[in-house]
2 protein chains.
Amino acid sequence: MPNKTYSLAFLGFGNVGHHLARLLQSKTDELRDRYGIEWRLTGVATRRLGWLAAARGMDVSAVLGGRAESVARAEGAMGAWLSAARPDVVFEMTSLNPQTGQPAIDYIRAALQSGAHVVTANKGPVVHAYRELTDLAATLGKRFMFEATVMGGAPVFSLFRETLPASNLLGFRALLNSTSNLILTEMENGNSFEAAVKKAQDIGLAETDPSADVDGWDATVKVCALSTVLMGRPLKPDDVDRQGIRGLTGEAVRAARAGGHPFKLVCRVVREGGRVRATVQPEQLPIADPLANVRGASSIIHFDLDTLPAGLTLVSHDPGPDTTAYDMLADFINAVK
Amino acid sequence: MPNKTYSLAFLGFGNVGHHLARLLQSKTDELRDRYGIEWRLTGVATRRLGWLAAARGMDVSAVLGGRAESVARAEGAMGAWLSAARPDVVFEMTSLNPQTGQPAIDYIRAALQSGAHVVTANKGPVVHAYRELTDLAATLGKRFMFEATVMGGAPVFSLFRETLPASNLLGFRALLNSTSNLILTEMENGNSFEAAVKKAQDIGLAETDPSADVDGWDATVKVCALSTVLMGRPLKPDDVDRQGIRGLTGEAVRAARAGGHPFKLVCRVVREGGRVRATVQPEQLPIADPLANVRGASSIIHFDLDTLPAGLTLVSHDPGPDTTAYDMLADFINAVK
């Protein structure tokens, strides 16, 4: 099989984008030798840099080093950029809008219509336009991939797509918000809620405004993505019974752990008749529960399947921008192979 | 896509074979509707029944109920059976020979050469003939699949094949022998080693002669299969530094758990330069280790990958003949889809 060179474009170029560019560089030989995949970077778009495009490829190290002066900028916006960069794959890494998924949905639609596969790290389009974008991609012979959106470093979507055929997901229990789990662990270690939030911010895990994490919004959006894609039951954030960890005190968290029933921010989806019931809330778990022993920034999901009566559990340890970048690389390879 | 009817043949028809036949029956509509797969059972071979073959298909419920009198028997042996059953897929479920992998290797070779995919639940051929059988299958445009051989109910091989592209497995730590883990759990609960073995035998988990489990042979063969397939480092049982749980007393096991460092039969493979070092032995693990909290018959594996710095963990809960049967069904679908 002859090698094929893929033109790649990055929509957004923050922490994850930098990791992905470096991962592509370090895996260049392996991609060629194992998959016949060669690549060039033909587009980078950010608010700061504008719409950079170079159909023959740009100097990745220069772009990574912030030296992109010599790269041409497309006039106008997305359409001109796609025409100039002519990407085979667009990596969509813009900010999450949990309420509407916009403008990422419009970006992804345009990228697919230009003839590119789309790999996103953005949960919004999955929750708000999964069916539309998946159908559009299929119509165009392209793929819409989003492994990076839930549990970085654990292939939850491709697990079902590729390795668990003829299985039906009946429900799941999970810890999906790294920041909340880290905060609870820090509170168990003696910190107040506020000090624990500060720690999560200091290591770059929590935002300046931590409400997306501590009020359960991030976990809720992930629950919606999983239910929509893996259970065929579309859920919107408002459909989830949501409560964050803001109401917990250090004393309560430490007493719960000492009593053998630690607090966790538990995501739960169960089928009830033809519908699903979804909750995100602090729960006290018995210490023998696999979820009770996942500490720090790690995540866990336990799947209930018709084919595996006692279920299957995945644990992702200390996910970060590097594991998110790997999820996107895996999607790229699986989209084109 | 039009439906295709696959002729299936079972080599061996014990507990797993019965579960697989019933699973195929219960998934018949789903296989047709989701994958365009129809099936008929054209061959069943066991020591007791002989070489049953019916190219037009046999009554599965009758065979399951032990009423196979009306089905024709092929004269001679394997070759005549394959000619009469004309299978598209052979499910190989004969007994393990850990030292040589025979006669299963010869069976699988013959089945591939007859034009069938082979799905096996037998570790012997993976450890002793993985490269030969995989290459032979590829040459013939067929597949040699073996998801059921390690960690029933957790798709470890297809996980790497399908969901973790461009990843390199650097090593792993695992609990792979259900019987040993159950015995250790029963000893923690107050039983002697002998009483715990008896319990494992009573529920059908341990054999009359429990040495394959309690002396670490089963875990060792699984370690060899994983290293051979996932790390590209062929290992034979004698290459593994092996010690079972027979030397542990109930007192020692209970004291270890009470002291916060419980005993587990730990499988470990690490790369050292160009080689691998493999051990199977009882180890005391800190209670915060994910392996320390897996009780009863469940299994766990933690993978160290170059792409996921902190690794990825899978837990399979209470595997049994039903989960092994599902692994084989998944291999069948993945082989033909």
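In what follows, chains are A, B, ... by sequence order, proteins preceding strands, each numbered from 1.
Residue contact with chain B, scored on non-hydrogen atoms closer than 4.5 Å, involves the side chain of A:Pro290 exclusively. Using a 4.5 Å cut-off between heavy atoms, A:Leu314 touches chain B through backbone and side chain atoms alike. Only the side chain of A:Asp306 comes within less than 4.5 Å of a heavy atom of chain B; its backbone N, CA, C and O stay farther away.
When all heavy atoms of A:Pro309 and B:Asp322 are compared, the pair lying nearest together is CG-OD2, 3.3 Å. Annotation for B:Leu308 and A:Gly153: closest pair CD1-O, 3.2 Å, computed over non-hydrogen atoms.
Of residues 155-171 of chain B, those residues lying under 4.5 Å from chain A by any heavy-atom pair are B:Pro155, B:Ser158, B:Leu159, B:Arg161, B:Glu162, B:Thr163, B:Leu164, B:Pro165, B:Ala166, B:Ser167, B:Asn168. Among residues 258-267 of chain B, no residue has any heavy atom closer than 4.5 Å to a heavy atom of chain A.
Taking A:Thr323, A:Thr307, A:Ile287 one by one and counting their heavy-atom pairs under 4.5 Å with chain B, the maximum is reached by A:Thr307. Ranked by heavy-atom pairs shorter than 4.5 Å toward chain A, the options B:Glu147, B:Arg295, B:Glu30, B:Lys337 are led by B:Glu30.
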